[in-house]
J.: 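My questions will all concern the structure given below.
Quick note on labels: first sequence line is chain A, next is B, and so on, each numbered from 1.
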Amino acid sequence: MSQLHAPVLAWYQTHARSLPWREPSASAWGVLVSELMLQQTPVVRVLPAYRQWMRTWPTAGHLAEASVGEAIRAWGRLGYPRRAVRLHRAATVIVADHDGEVPSSLAELRALPGVGEYTAAAVASFAFGQRQLVLDTNVRRVLARAVAGVELPARTVTSAERELAGTLLPSDPATAAGWAVGVMELGALVCSAASPACGACPITAQCRWRELGYPAHDGPRRRAQTYAGTDRHARGALLGVLREAAEPVTRSRLDAAWTHHEQRERCLTSLLVDGLVVRLAHDRYSLP
DNA sequence: GAACCGTGGTA
DNA sequence: TTACCAAGGTT
C-alpha cells in the first residue's frame with residue numbers, strides 16, 4: 001500500500017469537480033461520450049457540447065439512428081471531428097453487437113471505433129468500477145513527478161510506466177477506480193503541466209520531484225504544433241463551411257474558403273476519404 | 001515509433 | 001506573438 005493512496009483519495013473527496021459524466025445517474029454511454037469528447041479537448045469546452053449531445057442522443061441507439069452529418073454538426077468546434085464519426089460508428093457497433101448497451105469488458109471496449117488503450121480503461125473503470133490501468137496524460141505526469149522525480153513523462157507510454165502504475169493500483173476494484181479518477185483529477189487541477197500548484201498538493205511530502213528540487217525537463221521538447229497554413233487548418237476551414245451551411249454547398253463556396261488550390265484539393269479528398277464530407281450531384285458537397 | 005488529425009485558451 | 005497544452009487514436 002503506497003503512501004500516496006490515502007491523501008489522494010481524501011483530496012478527491014473534497015476537491016473533485018462536479019461534472020455531468022461523474023453524476024451517479026450518468027450512464028456508461030454518457031461516460032463513453034465524455035471520453036471521446038475529452039480526447040485532446042479541455043473540459044470547459046466539452047461541457048456544453050456534452051450536455052446538448054446527451055439531450056439529443058441519450059443512448060447509443062438514438063445516435064445510431066441519426067446521420068453521421070448530424071453527429072459532425074453537433075460536434076461543433078471541439079476539434080478533431082473524425083472523433084464524431086468514430087463515436088457514431090461506435091454507436092452502430094454497440095447496437096449491432098451489444099444489444100444497444102455499452103460493453104463492460106476491456107477487449108470489447110477496445111474494439112469500438114475511437115476507443116484506444118486509455119479510453120477503454122477509463123470507461124471500464126469510471127462506468128463499471130473495474131480495476132484498470134488508466135494512464136492518461138494527467139496520471140502520467142503525476143507519477144513522473146511524484147515517483148520518478150522528473151518534470152514530465154516520456155513522449156509515449158513506456159512499459160516502465162505501466163509497471164509502475166500497476167504496482168500502485170489498489171487491489172480492490174472500487175478503490176482502484178477511485179484512485180484512478182483521483183490521480184487524474186490531481187494532475188488536471190494541481191499537478192498541471194506548466195504551473196503546478198505544489199502548495200495545494202496533498203502529496204508534496206511524498207513527491208520525489210520536489211525532494212530533488214524540481215529539476216527541469218532535460219529531454220527533447222515536444223514537437224511544436226504549428227497550425228496556420230497546415231492541412232489541418234485547411235480541412236477545418238472546408239468542413240466549417242459545410243457545418244454552418246443548411247443546404248449542400250457549391251464547389252465555388254469551398255474554393256472561396258481556402259485559396260491554395262493544390263492544398264484545397266488534397267484536403268477535400270482526404271475529408272471525403274475520412275467520411276467527413278460527401279460529394280453530391282452537380283459538384284455540390286455536404287456533411288454525410 | 002512518428003506523423004497526422006482541430007481548436008482555442010494561456011503565458 | 002509564438003509556444004505550449006488539452007481525459008488520445010489511427011495509420
J.: Which part of the nucleic acid, if any, lies within contact of A:Arg235, taking any heavy atom under 4.0 Å across all strands shown: a base, the sugar-phosphate backbone alone, or nothing?
T.: sugar-phosphate
J.: For A:Leu78, answer base if it contacts any base atom (sugar-phosphate contacts may also be present), sugar-phosphate if it contacts only those atoms, and nothing otherwise; contact means non-hydrogen atoms under 4.0 Å.
T.: base
J.: A:Leu38 has an atom CG; how far is it from atom P of C:dG8, in whole Å?
T.: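 Distance check: A:Leu38 CG to C:dG8 P gives 8 Å.
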J.: Any ring pair (Phe, Tyr, Trp, His ring centres under 6.0 Å) pairs touching residues 142-200 of chain A, not counting sequence neighbours?
T.: A:His5-A:Trp179
J.: When we call it a touch if two heavy atoms are under 4.0 Å apart, what does A:Arg110 touch: a base, just sugar-phosphate, or nothing?
T.: sugar-phosphate
J.: Between A:Leu271 and A:Leu238, is there a side-chain heavy-atom distance shorter than 4.5 Å?
T.: yes
J.: Apart from A:Trp209 itself, which Ile, Leu, Val, Met, Phe, Trp or Tyr residues share its cluster (side-chain heavy atoms under 4.5 Å, direct or through members)?
T.: A:Tyr214
J.: For the side chain of A:Ala193, starting at C-beta, report the closest nucleotide among C:dA7, C:dC5, B:dG8.
T.: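 The listed nucleotide nearest to A:Ala193's side chain is C:dC5.
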J.: Between A:Trp75 and A:Trp53, does the ring centre distance come in under 6.0 Å?
T.: yes
J.: Expressed as a whole number of angstroms, how long is the span from A:His233:NE2 to B:dT7:C1'?
T.: 10 Å
J.: Checking all strands, does A:Trp21 fall into the base, sugar-phosphate, or nothing category for heavy-atom contacts under 4.0 angstrom?
T.: base
J.: How would you list, by chain and number, every residue that makes a ring-ring contact (aromatic ring centres under 6.0 Å, His included) with A:His260, sequence neighbours excluded?
T.: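 So A:His260 forms no ring-ring contact (aromatic ring centres under 6.0 Å, His included) with any residue.
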J.: Within this structure, what is the CG-to-C1' distance between A:Leu271 and B:dC5, rounded to whole angstrom?
T.: 11 Å
J.: Would you classify A:Gly79 as touching base, sugar-phosphate or nothing, given that sugar-phosphate means primed atoms plus P, OP1 and OP2, and contacts are heavy atoms under 4.0 Å?
T.: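 A:Gly79: base contact, heavy atoms under 4.0 Å.
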J.: Check whether any side-chain nitrogen or oxygen of A:Tyr227 sits under 4.0 Å from OP1 or OP2 of B:dT7, and answer yes or no.
T.: yes
J.: So, is A:Arg232 close to the B:dT7 phosphate, meaning a side-chain N or O under 4.0 Å from OP1 or OP2?
T.: no
J.: Give a yes/no answer on whether the side chain of A:Thr119 brings an N or O atom under 4.0 Å of OP1 or OP2 in C:dG9.
T.: yes
J.: Give A:Thr41 one of three labels, base, sugar-phosphate or nothing, depending on what nucleic acid heavy atoms sit under 4.0 Å from its own.
T.: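 If one applies the 4.0 Å heavy-atom cut-off, A:Thr41 turns out to touch a base.
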J.: Would you indicate what A:Leu19 reaches in the nucleic acid, counting non-hydrogen atoms under 4.0 angstrom: base, sugar-phosphate, or nothing?
T.: base
J.: Which residues, if any, of residues 81-98 of chain A bring a heavy atom under 4.0 Å of DNA chain C?
T.: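 Residues of residues 81-98 of chain A under 4.0 Å from DNA chain C: A:Arg82, A:Arg86.
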J.: Between C:dA7 atom P and A:Gln39 atom CD, what is the distance in whole Å?
T.: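 After rounding, the gap between these two atoms is 12 Å.
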J.: Could you pull out the closest heavy-atom pair between A:Arg235 and A:Ser270, with the gap in Å?
T.: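 Minimum heavy-atom contact is NH1-OG, 2.7 Å.
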J.: Taking DNA chain C as the partner, which of residues 120-128 of chain A come within under 4.0 angstrom of it by heavy atom?
T.: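 Of all residues in residues 120-128 of chain A, none places a heavy atom under 4.0 Å from DNA chain C.
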J.: With a 4.0 Å cutoff (strictly under), does any side-chain N or O of A:Gln40 reach OP1 or OP2 of C:dG8?
T.: yes
J.: Checking A:Tyr50 now: which residues fulfil ring-ring contact (aromatic ring centres under 6.0 Å, His included) with it, not counting sequence neighbours?
T.: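 Per chain and number, A:Tyr50 pairs via ring-ring contact (aromatic ring centres under 6.0 Å, His included) with A:Trp21.
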J.: Quickly work out the A:His217 NE2 to C:dA3 P distance and round it to whole Å.
T.: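 Atom-to-atom, A:His217 to C:dA3, this comes out as 17 Å.
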J.: Determine: side-chain N/O of A:Arg45 to OP1/OP2 of B:dT10, distance under 4.0 Å, yes or no.
T.: no
J.: Please work out which residues in residues 240-251 of chain A have a non-hydrogen atom less than 4.0 Å from an atom of DNA chain C and list them by number.
T.: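 Those residues whose heavy atoms fall under 4.0 Å from DNA chain C, taken from residues 240-251 of chain A, amount to none.
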J.: So what does A:Asp274 hit on the nucleic acid, given a heavy-atom distance under 4.0 Å: a base, only sugar-phosphate, or nothing?
T.: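 Since no nucleic acid heavy atom lies under 4.0 Å of A:Asp274, the category is nothing.
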J.: Using side-chain contact (heavy atoms from CB on, under 4.5 Å) as the criterion, point out the one residue from A:Leu272, A:Leu242, A:Ile72, A:Val277 that pairs with A:Pro288.
T.: A:Ile72
J.: Hey, does A:Ser34 reach any base, or is it just sugar-phosphate, or nothing, if we go heavy atoms under 4.0 Å?
T.: nothing
J.: Rounded to the nearest Å, what distance is computed from the OH atom of residue A:Tyr80 to the C1' atom of nucleotide B:dG6?
T.: 6 Å
J.: Could you state the atom-to-atom distance from CG of A:Leu112 to P of C:dG9 in whole Å?
T.: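 Interatomic distance, CG of A:Leu112 to P of C:dG9: 12 Å.
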J.: For residues 91-100 of chain A, which side-chain N or O atoms pair as donor and acceptor with protein atoms under 3.5 Å away, sequence neighbours left out?
T.:
| from | atom 1 | to | atom 2 | distance (Å) |
| --- | --- | --- | --- | --- |
| A:Thr92 | OG1 | A:His88 | O | 3.1 |

J.: For residues 107-114 of chain A, which side-chain donor-acceptor pairs fall under 3.5 Å, sequence neighbours excluded?
T.:
| from | atom 1 | to | atom 2 | distance (Å) |
| --- | --- | --- | --- | --- |
| A:Glu108 | OE1 | A:Ser105 | OG | 2.9 |
| A:Arg110 | NH1 | A:Val115 | O | 3.1 |

J.: Connecting only ILVMFWY residues whose side-chain heavy atoms lie within less than 4.5 Å of each other, what is the rest of A:Leu106's hydrophobic cluster?
T.: none
J.: Share the residues that join A:Val150 in a hydrophobic cluster, the rule being Ile, Leu, Val, Met, Phe, Trp or Tyr side chains under 4.5 Å apart at the heavy-atom level.
T.: none
J.: Please give, in whole Å, the distance from B:dT7 C1' to A:Trp75 CH2?
T.: 12 Å
J.: Of A:Gly114 and A:Gly187, whose closest DNA chain C nucleotide lies nearer the 5' terminus?
T.: A:Gly187
J.: Among C:dG8, C:dA6, C:dA7, find the nucleotide with the atom closest to the side chain of A:Arg22.
T.: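 The nucleotide sitting nearest to the side chain is C:dA7.
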J.: A:Leu189: what forms a side-chain contact (heavy atoms from CB on, under 4.5 Å) with it, not counting sequence neighbours?
T.: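 Once residues adjacent in sequence are excluded, the partners of A:Leu189 under the side-chain contact (heavy atoms from CB on, under 4.5 Å) criterion are A:Trp11, A:Arg17, A:Glu185.
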